[in-house]
Amino acid sequence: MGRNIEELQQGIYLLRGEAKGSHSYLIRGKNRTILIDSGLDQNFLILRENLSALGLKIKNIDIVINTHEHLDHIGSNRYFQESALIAAHRFAATKITLGDHFVTFYRSRDLNEIPLHIHLWLENRSVFDLESHYLEVIHTPGHTSGSICIYEFKSKVLFSGDTIFAGGTLSYIAESGSIGDYIHSIIRLESRKISAIYPGHGVISHAPEQDLSEAIRNAKKLLNGEEDISISPFRPPSVPTLPSGD
């Protein structure tokens with residue numbers, strides 16, 4: 001198994017992102033194989049190598065779930081969308097499919113760029129039943145309006161995207177986000193029994209209750225204009241400047 005791969009539990013693998021790219025998580029279910037976040041476009045070759053190390057090809061991925069609409073999580077969708085179903089919350093889907101670069105930051109450098117598609121427009125409490133794993137979509141606006149977390153009922157782990165990080169580090173509030181929504185989303189997550197948090201960046205959280213409480217404290221400090229706040233350094237790269245055409 002490659003250095004960028006870690007089996008977190010039976011059937012669930014962490015595929016680490018590089019540079020500013022997000023992690024991807026592979027779930028090998030009994031009847032479907034799901035990838036949570038495809039990561040940066042420029043990291044696709046690494047992702048493909050990681051999948052190959054697990055005996056998988058691109059066509060073996062049945063569903064790609066995007067935790068939100070930023071390019072460091074959706075950039076490699078373009079390599080999966082002809083053979084897999086791409087899923088995202090409907091608030092993220094509108095931005096991705098309409099090419100809202102101001103919000104997604106995504107624009108490939110390919111002159112023959114193909115549009116990104118979302119095949120499954122998700123709602124809060126949507127479910128993916130893989131028989132071996134049971135995944136629930138939790139809409140958690142705050143970082144962005146279309147942010148979701150994925151809760152796996154059997155192991156009680158939370159795939160959190162950029163909503164919550166280890167240590168309760170605060171996700172920065174992006175262009176379509178809201179501090180108020182963020183606090184409310186974290187409070188809702190506190191009501192769940194969570195054994196571990198698998199974030200979009202950084203290390204796994206094995207103290208979810210503590211980290212959720214700390215995230216709320218940090219968010220309230222930010223809301224009150226306090227400066228002593230732990231804010232995540234993980235931000236999507238800027239959209240490349242394009243020629244004006246003049």
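When all heavy atoms of Ser24 and Gly39 are compared, the closest pair comes out as OG-N, 4.1 Å. Closest approach of Ser38 to Leu35, counting heavy atoms only: CA-CD2, 4.2 Å. The shortest heavy-atom contact between Leu189 and Ile194 is O-CD1, 3.7 Å. Looking at every heavy atom in both residues, Ser145 comes nearest to Ser176 through N-OG, 3.1 Å. The minimum heavy-atom distance linking Leu26 with Thr33 is given by the pair CD1-CG2, 3.6 Å. Nearest approach of Pro208 to Ala196, heavy atoms of both residues: CG-N, 4.2 Å.
By the rule that hydrophobic residues join a cluster once side-chain heavy atoms approach within less than 4.5 Å of another member, Ile61 and Ile74 end up as members of one cluster. Hydrophobic clustering, with ILVMFWY side chains joined whenever heavy atoms are under 4.5 angstrom apart, keeps Ile63 apart from Leu54. There is a path of hydrophobic side-chain contacts, each under 4.5 Å, that joins Phe128 to Ile27. A continuous path of hydrophobic side-chain contacts links Ile34 to Leu14 [ILVMFWY only; heavy atoms under 4.5 Å]. Residue Leu51 is not grouped with residue Leu85 when hydrophobic side chains (ILVMFWY) are merged at heavy-atom distances under 4.5 angstrom, including chains of intermediate members.
A donor-acceptor contact shorter than 3.5 Å links the side chain of Tyr25 to the backbone of Pro199. With Ser171 contributing its side chain and Asp162 its backbone, the two residues share a donor-acceptor pair below 3.5 Å. Although no hydrogens or angles enter the test, the distance criterion places no donor-acceptor pair under 3.5 Å between the side chain of Asp62 and the main chain of Arg32. Side chain of Gln81 to backbone of His117: a donor-acceptor contact under 3.5 angstrom is found. The backbone N or O of Lys156 sits less than 3.5 Å from a side-chain atom of Ser195, completing a donor-acceptor pair. The backbone N or O of Ile118 lies less than 3.5 Å from no partner atom in the side chain of Thr97, so there is not a single donor-acceptor pair. No donor-acceptor pair under 3.5 Å is formed between the side chain of Asn66 and the backbone N or O of Asp37. Counting only distance, with no hydrogens or angles, the side chain of Asn224 and the backbone of Lys221 share no donor-acceptor pair below 3.5 Å. A donor-acceptor pair under 3.5 Å is formed between the side chain of Ser22 and the backbone N or O of Asp72.
Dense packing is recorded around NZ of Lys154, with more than 12 heavy atoms of other residues, nucleotides or ligands lying under 6.0 Å away. Within a 6.0 Å sphere centred on CZ of Arg28, other residues, nucleotides and ligands contribute more than 12 heavy atoms. For Tyr79, the OH atom counts as densely surrounded, since its 6.0 Å shell holds more than 12 non-hydrogen atoms of other residues, nucleotides or ligands. Within a 6.0 Å radius of CD in Gln210, other residues, nucleotides and ligands contribute 12 heavy atoms or fewer.
The side-chain heavy atoms of Ser76 and Leu40, taken from C-beta on, include no pair separated by under 4.5 Å. Residues Leu223 and Tyr182 have side chains not in contact (no heavy-atom distance under 4.5 Å, counting atoms from C-beta outward). Side-chain contact between Pro141 and Ser178 is absent, with no heavy atoms from C-beta onward closer than 4.5 Å. At least one side-chain heavy atom of Arg188 sits under 4.5 Å from a side-chain heavy atom of Asn124. By the 4.5 Å heavy-atom criterion applied to side chains, Asp100 and Glu69 are not counted as neighbours. Under the 4.5 Å side-chain criterion, counting only non-hydrogen atoms from C-beta, Arg192 is in contact with Ile138. At least one side-chain heavy atom of Glu214 sits under 4.5 Å from a side-chain heavy atom of Asn218. Phe159 places a side-chain heavy atom less than 4.5 Å from the side chain of Ile12.
At a cut-off of 3.5 Å, with distance as the only test, no side-chain donor of Ser147 or His68 sits close to an acceptor on the other residue. Between the side chains of Glu123 and Ser126, not a single donor N or O lies within less than 3.5 Å of an accepting N or O.
To the nearest 0.5 angstrom, Phe105 atom CZ is 11.5 Å from His73 atom NE2. Summarising the geometry, atom CG belonging to Leu222 is positioned 4.0 Å from atom CD1 belonging to Ile179; distances are rounded to the nearest 0.5 Å. Distance check, rounded to the nearest 0.5 Å: NE2 of His23 to CD of Glu18 gives 11.0 Å. With rounding to the nearest 0.5 Å, the separation of CD1 in Ile86 from CZ in Phe80 is 8.0 Å. To the nearest 0.5 Å, the span separating NE2 on His89 from OG1 on Thr140 amounts to 9.0 Å. Here the OH-CG distance, from Tyr13 to Leu56, works out to 8.5 Å after rounding to the nearest 0.5 Å.
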Applying ring pair (Phe, Tyr, Trp, His ring centres under 6.0 Å), run through Tyr172 and His143 and close with a yes or a no.
CA-CA 6 Å; Tyr172 91 102; His143 173 59; 5.3 Å; yes
Do Glu175 and Lys95 pass the salt bridge (charged side-chain N to carboxylate O under 4.0 Å, His left out) test, and can you show the C-alpha distance, the side-chain angles, and the key distance before you say yes or no?
CA-CA 12 Å; Glu175 287 67 19; Lys95 302 174 184 68; over 6 Å; no
Could you check Asn50 against Arg16 for side chain to side chain contact (heavy atoms under 4.5 Å, CB included), going step by step and ending with a plain yes or no?
CA-CA 9 Å; Asn50 288 335; Arg16 289 187 181 85; over 6 Å; no
Step by step, would you call Thr163 with Ser160 a side-chain hydrogen bond (donor to acceptor under 3.5 Å, both in side chains)?
CA-CA 6 Å; Thr163 294; Ser160 65; over 6 Å; no
Could you go through Ile46 and Asn4, starting from their C-alpha distance and side-chain angles, then the distance that decides it, and tell me whether this counts as side chain to side chain contact (heavy atoms under 4.5 Å, CB included)?
CA-CA 9 Å; Ile46 298 171; Asn4 293 317; 3.8 Å; yes
Working note: Glu136 + Phe153, criterion side chain to side chain contact (heavy atoms under 4.5 Å, CB included); need CA distance, chi angles, decisive distance, verdict.
CA-CA 8 Å; Glu136 181 188 8; Phe153 273 93; 3.1 Å; yes
Taking it one step at a time, do Tyr151 and Leu135 satisfy side chain to side chain contact (heavy atoms under 4.5 Å, CB included)?
CA-CA 6 Å; Tyr151 183 71; Leu135 308 175; over 6 Å; no
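With respect to Lys193 and Glu209, no salt bridge is recorded, no charged nitrogen being found less than 4.0 Å from a carboxylate O. A salt bridge links Lys30 with Glu131; the closest basic N to acidic carboxylate O contact falls under 4.0 Å.
Close placement of the Phe91 and His139 rings is indicated, their centers lying within 6.0 Å of each other.
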